[in-house]
Amino acid sequence: MKEQGKIWMNGKLVPFKNAKVHVLTHALHYSTAVFEGIRCYKTTKGPAIFRLPEHVDRLFKSAKMYSMNIPYSRKDIADGIIKTVQSSGLKECYIRPIAYYSYGVLGLTPTPNKVDVAIACWEWNVGESSAGKVRGARCKVSSWLRIDSRSQPMQAKAASNYANAALARVEALKDGYDEAIMLNYHGKVSEGSAENIFTVNKGEIATPPLNAGILDGITRDSTIKIARSEGISVVEREIDRDELYISDEVFMTGTAAEIKSVTEIDNVPVGDGKPGEVTRKLQSLFYDVSRGRDERFSEWLVPI
Ligand SMILES: Cc1ncc(COP(=O)(O)O)c(C=O)c1O
């Protein structure tokens with residue numbers, strides 16, 4: 001990671017290399033952190049942050065589900081995000097706000113500790129999300145089941161949800177795939193390790209509902225709205241593993257991945273094994289929307 005600009009820590013911009021936490025920080029030991037992943041894009045009107053209020057809102061909802069009180073307002077955090085990006089001088093970047101229980105009392109109970117907030121941004125390494133954009137991703141249905149809301153609130157973007165996702169991601173990579181697809185405890189498709197998932201059949205798009213134990217993805221929501229604006233039908237319904245293999249197209253969405261095509265699952269080609277027409281159309285529409293080239297969705301971009 002190239003260190004560029006400053007990191008916002010509890011209201012102050014500090015040099016990148018000074019943004020440190022104590023080794024006995026509660027969140028480091030017990031995963032007591034909630035965070036966001038946001039993108040700033042180079043748009044026709046200059047750098048702009050994609051769906052900033054929605055991301056800030058999700059951060060606060062994630063904290064609420066864990067009874068964590070973020071000691072700042074939504075406006076403080078949104079302003080902090082903008083200042084952090086401005087300090088970096090970057091026109092395009094990935095932004096990571098995180099709220100976490102900090103250092104002081106180290107036992108399971110997090111609440112005696114202060115909640116600290118940090119916001120960092122860095123240049124996005126396109127390589128990380130490129131698999132699937134051009135040739136299509138090869139995915140493995142994971143042997144790890146996605147945890148569900150009986151154990152942890154899955155609509156919280158909480159650090160603790162990612163141990164399960166990382167197991168699936170590492171397993172898929174070790175087995176030579178690009179990404180994992182996780183089933184839930186009911187055997188239904190839930191999501192990728194860091195993306196939501198969609199199938200396309202006869203021009204109709206389907207995606208698992210929120211109660212499949214998925215994150216309420218902001219790219220998922222954007223994709224549904226963009227598709228519907230083009231007259232493409234989108235339904236939220238349970239998806240069986242079988243359907244993945246016989247769908248015309250499968251794609252994934254996420255802030256990092258944007259919209260990526262899935263062309264192979266467990267060594268079975270999806271459709272003809274090439275990125276499908278609907279996926280390519282949505283990729284191109286999403287590209288235009290996020291780069292400020294589609295006036296219909298210009299309110300999704302907050303200029304910095
Ligand atoms: C588990 C999981 N699902 C879905 C997503 C996609 O969400 P979004 O589009 O808001 O980035 C992410 C991305 O962070 C994720 O980690």
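Start at 1 and go down the list; that is how both ligands and their atoms are numbered.
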*asked:* With rounding to the nearest 0.5 angstrom, report the OH to OG distance, Y185 to S190.
replied: 10.5 Å

For residues [X] and [Y], is any side-chain donor paired with an opposing acceptor at under 3.5 Å?
{"X": "S247", "Y": "N201", "answer": "yes"}
{"X": "Y103", "Y": "K114", "answer": "no"}
{"X": "S88", "Y": "Q4", "answer": "no"}

*Between F35 and Y162, is the gap from one ring center to the other below 6.0 Å?*
yes

*Take atom CD in E171; do more than 12 heavy atoms of anything else shown fall under 6.0 Å from it?*
yes

Present, as a list of atom pairs with distances to 0.1 Å, all nitrogen or oxygen contacts under 3.5 Å between ligand 1 and the protein.
{"from": "ligand 1", "atom 1": "3 (N)", "to": "E191", "atom 2": "OE1", "distance (Å)": "2.7"}
{"from": "ligand 1", "atom 1": "9 (O)", "to": "I218", "atom 2": "N", "distance (Å)": "3.3"}
{"from": "ligand 1", "atom 1": "9 (O)", "to": "T219", "atom 2": "N", "distance (Å)": "2.8"}
{"from": "ligand 1", "atom 1": "9 (O)", "to": "T219", "atom 2": "OG1", "distance (Å)": "2.6"}
{"from": "ligand 1", "atom 1": "10 (O)", "to": "R58", "atom 2": "NH1", "distance (Å)": "2.8"}
{"from": "ligand 1", "atom 1": "10 (O)", "to": "R58", "atom 2": "NH2", "distance (Å)": "3.0"}
{"from": "ligand 1", "atom 1": "10 (O)", "to": "I218", "atom 2": "N", "distance (Å)": "2.7"}
{"from": "ligand 1", "atom 1": "11 (O)", "to": "T255", "atom 2": "N", "distance (Å)": "2.9"}
{"from": "ligand 1", "atom 1": "11 (O)", "to": "T255", "atom 2": "OG1", "distance (Å)": "2.6"}
{"from": "ligand 1", "atom 1": "14 (O)", "to": "K157", "atom 2": "NZ", "distance (Å)": "2.4"}
{"from": "ligand 1", "atom 1": "16 (O)", "to": "Y162", "atom 2": "OH", "distance (Å)": "2.4"}

